[in-house]
Amino acid sequence: QVQFVESGGGLVQPGGSLKLSCEASGFTLGRHAIAWFRRAPGRDQEGVACIGRTDESTTYVDSVKGRFTIYRDNEKNTAYLQMNDLKPEDTALYYCARDSIFMSCASNWYAAFNYDHWGQGTQVTVSS
């Protein structure tokens with residue numbers, strides 16, 4: 001059974017940092033592209049970052065470039081999202097997803113239909 005367990009969310013002040021983890025089970029993480037998404041209250045789901053089969057293949061939504069880093073540890077079957085210089089607009093439920101077909105991030109990696117399994121999410125709140 002394919003499952004994701006996200007962790008690492010919490011309350012942080014603007015400018016702070018958090019590291020989110022996405023532990024996978026039931027499949028080999030290294031055989032799939034993995035993405036982080038977020039959903040803020042009253043807003044549409046947004047693709048945040050994607051990582052392909054190798055760490056060199058990563059892509060980000062413009063609003064987090066230079067602040068967030070996606071990476072993976074295939075031996076631990078876990079993907080991560082390091083978030084630095086957090087802003088109030090980063091407040092959202094963050095969750096990871098598995099690309100159903102590709103080992104690299106698709107050109108439309110931010111589209112939900114590319115993904116076949118989703119985690120439940122971890123809440124990130126950025127507030128002073």
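The analysis underlying the following values was restricted to heavy atoms, covering all of them including side chains, and did not include hydrogens, waters or symmetry mates.
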Side chain to side chain contact (heavy atoms under 4.5 Å, CB included) evaluation trace for Asn74 with Lys76
CA-CA 5 Å; Asn74 289 336; Lys76 295 183 178 179; over 6 Å; no
Is it possible for you to say whether Phe37 and Leu86 belong to one hydrophobic cluster, with membership spreading through side-chain heavy-atom contacts below 4.5 Å?
no
Going by the angle between their ring planes, with limits at 30° and 60°, are Phe68 and Tyr94 parallel, tilted or perpendicular?
tilted
May I ask you to establish whether Arg98 and Phe27 are in a cation-pi arrangement, using a distance under 6.0 Å from NZ or CZ to the six-membered ring centre and at most 45° from the ring axis?
yes
Can you list the steps and then say if Leu29 with Ile34 is a side chain to side chain contact (heavy atoms under 4.5 Å, CB included)?
CA-CA 8 Å; Leu29 191 80; Ile34 300 294; 3.6 Å; yes
If you count heavy atoms of other groups shown closer than 6.0 angstrom to CD of Gln120, is the number above 12?
no
How about Trp118 and Glu6: do any of their side-chain heavy atoms sit closer than 4.5 Å?
no
Taking a hydrophobic cluster as the set of Ile, Leu, Val, Met, Phe, Trp and Tyr residues connected by side-chain heavy atoms closer than 4.5 Å, whether directly or through intermediates, do Tyr115 and Tyr80 fall within one such cluster?
no
Taking Arg67 first and then Asp90, would you say they form a salt bridge - that is, a charged N and a carboxylate O separated by under 4.0 Å?
yes
Modelled atom types, side-chain donor and acceptor of Ser17 and Asn84, under 3.5 Å
yes
Enumerate, atom names and distances included, each donor-acceptor pair closer than 3.5 Å involving a side-chain atom of residues 100-109, sequence neighbours excluded.
residue : atom : partner : partner atom : Å
Ser100  : OG   : Asn114  : O            : 3.1
Asn108  : OD1  : Asn114  : ND2          : 3.3

Do Val48 and Leu81 pass the side chain to side chain contact (heavy atoms under 4.5 Å, CB included) test, and can you show the C-alpha distance, the side-chain angles, and the key distance before you say yes or no?
CA-CA 9 Å; Val48 177; Leu81 185 68; 4.2 Å; yes
Output for pair (Thr69 OG1, Tyr60 OH), nearest 0.5 Å, gives 4.5 Å
Start with the C-alpha gap between Tyr110 and Gln45, add the side-chain angles, then the distance that decides, and say whether side chain to side chain contact (heavy atoms under 4.5 Å, CB included) holds.
CA-CA 9 Å; Tyr110 45 82; Gln45 176 177 278; over 6 Å; no
According to a hydrophobic-cluster definition based on side-chain heavy atoms being under 4.5 Å apart (Ile, Leu, Val, Met, Phe, Trp, Tyr only), do Val64 and Leu20 belong together?
yes
Just how far is it from atom CE of Met83 to atom CH2 of Trp36, taken to the nearest 0.5 Å?
8.0 Å
Those residues at least two apart in sequence (or on a different chain) that pass side chain to side chain contact (heavy atoms under 4.5 Å, CB included) with Glu46 are Arg38, Val61, Ser63
Taking Thr58 for the side chain and Ile51 for the main chain, is one N or O donor matched with an acceptor at less than 3.5 Å?
no
Side-chain hydrophobic cluster, 4.5 Å single linkage: members besides Leu11
none
